[in-house]
Structures are given as structure tokens and as C-alpha cells.
**Student:** 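There's a structure below that I have some questions on.
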Amino acid sequence: MALLTVKNLTKKFGGLVAVHDMTFDIEPGEIVGLIGPNGAGKTTLFNLISGIVHADQGSLMLAGKSLIGMRPCHRSRAGIGRTFQVVRPFDMNVLENVMVPALTRTRDTSKARKAAMEVLEMMGLAEFATRSPGNLTLAQRKRIEVARALATQPKLLLLDEVLAGLNPTEVAENLPLIRQLRDTGVTILFIEHLMDAMMAVAERVLVMDQGALICCGTPREVTSDECVIKAYLGEEDPQC
Ligand SMILES: Nc1ncnc2c1ncn2[C@@H]1O[C@H](COP(=O)(O)OP(=O)(O)OP(=O)(O)O)[C@@H](O)[C@H]1O
Ligand SMILES: [Mg+2]
């Protein structure tokens with residue numbers, strides 16, 4: 001059974017169709033990339049899956065159970081974790097930032113502290129546990145964002161541009177983490193503009209343009225697809 005099933009999902013903001021009739025599945029254990037030009041609707045799709053905005057039409061299922069009508073906190077408990085495109089840590093130290101989401105899985109603060117510390121170790125952030133996120137680099141703050149999502153123990157992890165703004169060395173250091181996370185049993189859907197990164201880790205890529213899914217395939221297939229090339233170059237093609 002697919003882990004995530006999206007059928008005919010549509011979201012309009014006034015006259016703007018941000019997500020238009022999207023249908024796709026994600027299988028357990030996959031690493032799927034989501035690409036598309038600015039404003040294509042990628043973050044809105046994440047907002048729909050995590051429940052921050054509600055769909056106008058269509059269905060969404062996690063392991064066969066409908067998510068429609070469920071609040072974001074209940075979707076988190078059901079196994080959907082996400083990061084935000086704009087990183088906004090709480091005004092607390094790094095460990096406490098990760099303990100807050102860990103407390104959605106246990107009421108015991110010492111268990112939450114231990115779980116948060118384990119996540120920080122996995123993310124290579126343990127040495128910064130008592131530091132304020134404001135004093136860390138963007139690359140480290142993006143890792144905290146991933147750590148916070150992981151602390152909710154997701155089955156499906158939605159990563160929204162976690163490599164954006166990092167220098168090439170930082171990108172190279174962070175890329176293997178995506179595979180490591182999957183190897184711990186987490187299924188990953190990640191938005192990324194960096195094509196090299198997408199080619200290196202995604203097993204399958206979904207391409208959105210103007211709210212619609214215009215292509216789906218291996219990284220090699222989508223980067224040589226004419227509709228995808230035209231979407232990025234901004235040309236109209238009646239065939240696409
Ligand atoms: N809450 C909202 N209210 C009104 N319009 C919105 C809202 N959220 C998104 N939009 C619009 O929906 C469209 C899709 O936006 P979205 O943020 O999903 O794109 P994106 O693919 O994530 O772009 P980027 O690559 O720049 O992050 C844009 O035109 C955006 O202005
Ligand atoms: Mg976005």
C-alpha cells in the first residue's frame with residue numbers, strides 16, 4: 001500500500017489555482033524530489049499535506065487513512081513531519097527547540113530530552129545543544145529545522161528547501177543526511193531548486209508548474225522532458 005495517496009487535490013486562493021488537480025502516490029521508503037519554478041505551488045502542496053491549509057477538492061491518504069478534515073497536530077501524530085521554507089527557531093537553546101516537538105510523543109520531559117539529544121546526535125548538532133540557534137550558521141539552523149521535524153517521529157518527512165542558501169561545501173555535507181534519514185525508515189518528499197542535489201539523491205521526481213503536476217519520472221527523465229524544460233524557460237507549449 002502507498003504511504004501517501006494524493007488524488008485530484010486542488011487549492012485556490014481567490015482566483016489563483018495554487019494546486020490544480022494533483023494526483024500521485026508515494027511508496028514507503030522512497031526519496032521523492034519535488035521541483036518547479038517559483039510560485040509553482042510546491043509549498044502549498046506541503047501545506048495541504050500537513051494540514052496548514054485545507055483542500056478545496058480531492059483526497060489525501062496516509063497509509064490508506066484519509067487526512068481530510070484532520071488538524072495539523074493530528075496529522076503530525078499520524079506520521080507527517082515537515083520543515084518550513086523560512087527557518088524560525090524558538091527563542092530557546094538548540095536542545096529545547098528539539099524537545100518541544102519531542103513532547104508531542106511523550107509527556108515525560110526526561111524522555112523528550114533524551115529523544116531530542118538522539119536526534120541532535122544523528123544530525124551532527126549535539127555539540128550545539130546549549131547554544132542559541134541565533135548564533136549558528138544558516139546550514140546549522142536548517143539542520144535544527146530537520147531535527148525538529150524528526151523529533152515528531154514522522155513516517156513521511158516533507159523537506160522544504162533545506163539546502164537553499166547553503167554554500168557548495170555545506171550542500172555536499174548535508175546531502176548524505178537525506179539518504180541516512182531514509183535508511184532509518186523515514187519516507188522523504190523534498191522540495192529543492194538545486195538540480196545537482198536533486199539528481200544525486202532523488203529516486204523519483206515530481207515536477208509542478210502553475211499548480212499542476214506536469215511530469216513525473218527518474219531525475220534523468222524529468223530533466224530531459226520538453227515540458228519541464230519549457231516550464232523552466234518560461235515558454236508556452238500547447239502540447240504540454
Ligand atoms: N496563503 C496564501 N494566500 C494567497 N496566495 C497564496 C498563499 N500561499 C501561496 N499563495 C500563492 O500560491 C502560489 C504558489 O505559491 P507556493 O508558495 O506554493 O509556491 P512555491 O512553488 O513553493 O514557490 P517557491 O519556489 O518560490 O517557494 C503563488 O502564486 C503564491 O503567491
Ligand atoms: Mg516554496
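In this chain, residues are counted from 1 in sequence order. Because the structure is a prediction, the values reported are computed rather than measured. Counting convention: from 1, in listed order, for ligands and their atoms alike.
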**Student:** Give the atom numbers and elements of ligand 1 that come within less than 4.0 Å of a heavy atom of Ala18.
**Tutor:**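 Those atoms are 12 (O).
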**Student:** Any atoms of ligand 1 less than 4.0 Å from a non-hydrogen atom of Thr44? List them with their elements.
**Tutor:**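 So the answer, numbered in order with elements, is 9 (C), 14 (C), 15 (O), 16 (P), 18 (O).
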**Student:** Checking the N or O distance criterion of under 3.5 Å, is ligand 1 in contact with Gly41?
**Tutor:**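 It does: an N or O of Gly41 is found under 3.5 Å from an N or O of ligand 1.
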**Student:** Measure the shortest side-chain to side-chain distance between Arg75 and Ser50 over non-hydrogen atoms and say whether it is less than 4.5 angstrom.
**Tutor:**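 No, every pair of side-chain atoms sits at 4.5 Å or beyond.
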**Student:** Closest non-hydrogen protein atom to atom 30 (C) of ligand 1, residue and atom name please, with distance?
**Tutor:**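 That would be Leu16 CD2, 4.4 Å.
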**Student:** At the 4.0 Å heavy-atom cut-off, does Met208 count as touching ligand 1?
**Tutor:**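 In this structure, Met208 fails to qualify as a contact of ligand 1 - no heavy atom is under 4.0 Å.
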**Student:** With a cut-off of under 6.0 Å to the ring centre and 45° to the axis, is Arg148 in cation-pi contact with Phe90?
**Tutor:**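 Here Arg148 passes the 6.0 Å and 45° test against Phe90.
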**Student:** To check your reading of the model: name the closest protein heavy atom to atom 27 (O) of ligand 1, its residue, and the distance in Å.
**Tutor:**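 Protein heavy atom with the smallest distance to atom 27 (O) of ligand 1: Gln85 NE2, 2.9 Å.
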**Student:** With side-chain contact (heavy atoms from CB on, under 4.5 Å) as the test, pick out the partner of Glu192 among Leu163, Ile35, Asp160.
**Tutor:**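 Of the listed residues Leu163, Ile35, Asp160, the side-chain contact (heavy atoms from CB on, under 4.5 Å) partner of Glu192 is Leu163.
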**Student:** So, do Arg82 and Ile49 sit near enough that their side-chain heavy atoms are less than 4.5 Å apart?
**Tutor:**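 Sidechains of Ile49 and Arg82: no contact.
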**Student:** If we only count heavy atoms from C-beta on, is the Ile144 to Phe128 side-chain gap below 4.5 Å?
**Tutor:**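 No, too far: nothing below the 4.5 Å cut-off.
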**Student:** If you have a sec, work out which protein heavy atom is nearest atom 21 (O) of ligand 1 and how many Å separate them, to one decimal?
**Tutor:**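 Answer for atom 21 (O) of ligand 1: Lys42 NZ, 2.8 Å.
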**Student:** Does Ala40, backbone or side chain, put an N or O under 3.5 Å from an N or O of ligand 1?
**Tutor:**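 It does: an N or O of Ala40 is found under 3.5 Å from an N or O of ligand 1.
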**Student:** For Val87, is there any backbone N or O sitting under 3.5 Å from a side-chain donor or acceptor partner on Lys142?
**Tutor:**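 No; zero donor-acceptor contacts below 3.5 Å.
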**Student:** For Leu34 and Phe24: C-alpha separation, side-chain torsions, deciding distance, then whether side-chain contact (heavy atoms from CB on, under 4.5 Å) applies.
**Tutor:** CA-CA 12 Å; Leu34 176 60; Phe24 65 90; over 6 Å; no
**Student:** In ligand 1, which numbered atoms sit nearer than 4.0 Å to a non-hydrogen atom of His193?
**Tutor:**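 Once the distances to His193 are compared, the set is 25 (O).
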**Student:** Would you say Gly39 contacts ligand 1, with heavy atoms under 4.0 Å as the rule?
**Tutor:**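 Distance cut 4.0 Å: Gly39 passes for ligand 1.
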**Student:** In a check of side-chain contact (heavy atoms from CB on, under 4.5 Å) between Leu45 and each of Leu206, Ile191, Leu9, Leu213, which one passes?
**Tutor:**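 Single side-chain contact (heavy atoms from CB on, under 4.5 Å) partner of Leu45 among Leu206, Ile191, Leu9, Leu213: Leu9.
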**Student:** Provide the number and element of each atom of ligand 1 under 4.0 Å from a heavy atom of Thr43.
**Tutor:**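 What qualifies from ligand 1 is 17 (O), 18 (O), 20 (P), 22 (O).
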**Student:** Could you point out which residue of Glu30, Glu203, Glu27 forms a salt bridge (charged side-chain N to carboxylate O under 4.0 Å, His left out) with Arg182?
**Tutor:**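 Between Arg182 and the candidates, salt bridge (charged side-chain N to carboxylate O under 4.0 Å, His left out) is satisfied uniquely by Glu203.
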**Student:** Which protein N, O or S atoms lie under 2.8 Å from the Mg ion (ligand 2), given by chain and residue number?
**Tutor:**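 Counting only protein N, O or S atoms under 2.8 Å from the Mg ion (ligand 2), the list reads Thr43 OG1, Gln85 OE1.
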**Student:** Take Phe46 and Leu189 through the side-chain contact (heavy atoms from CB on, under 4.5 Å) test and state the conclusion after the steps.
**Tutor:** CA-CA 9 Å; Phe46 275 18; Leu189 176 60; 3.7 Å; yes
**Student:** Counting only non-hydrogen atoms of the protein, does one fall under 4.0 Å from atom 8 (N) of ligand 1?
**Tutor:**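 Flag for atom 8 (N) of ligand 1 set to true, protein heavy atom closer than 4.0 Å.
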**Student:** Report the member of Asn38, Leu45, Val17 with the shortest heavy-atom distance to atom 24 (P) of ligand 1.
**Tutor:**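 Comparing heavy atoms across Asn38, Leu45, Val17, the nearest one to atom 24 (P) of ligand 1 lies in Asn38.
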**Student:** Mind listing the closest non-hydrogen atom pair of Leu95 and Asn93 along with its distance?
**Tutor:**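 Heavy-atom minimum between the residues: N-OD1, 3.1 Å.
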**Student:** Look at atom 2 (C) of ligand 1 and say which protein heavy atom is nearest, naming residue and atom and giving the distance to 0.1 Å.
**Tutor:**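 Minimum-distance protein heavy atom for atom 2 (C) of ligand 1 reads Phe13 CE2, 3.4 Å.
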**Student:** Distance under 4.0 Å to a non-hydrogen atom of Glu161: what atoms of ligand 1 satisfy this?
**Tutor:**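 Close to Glu161: 25 (O), 27 (O).
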**Student:** Under a 4.5 Å side-chain heavy-atom rule over Ile, Leu, Val, Met, Phe, Trp and Tyr, are Val205 and Ile188 clustered together?
**Tutor:**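 Yes, it is one cluster - the side chains of Val205 and Ile188 are joined through contacts under 4.5 Å.
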**Student:** Taking only Lys NZ, Arg NE, NH1 and NH2, and the carboxylate oxygens of Asp or Glu, determine whether Glu145 and Arg141 approach each other closer than 4.0 Å.
**Tutor:**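 Arg141 and Glu145: not salt-bridged.
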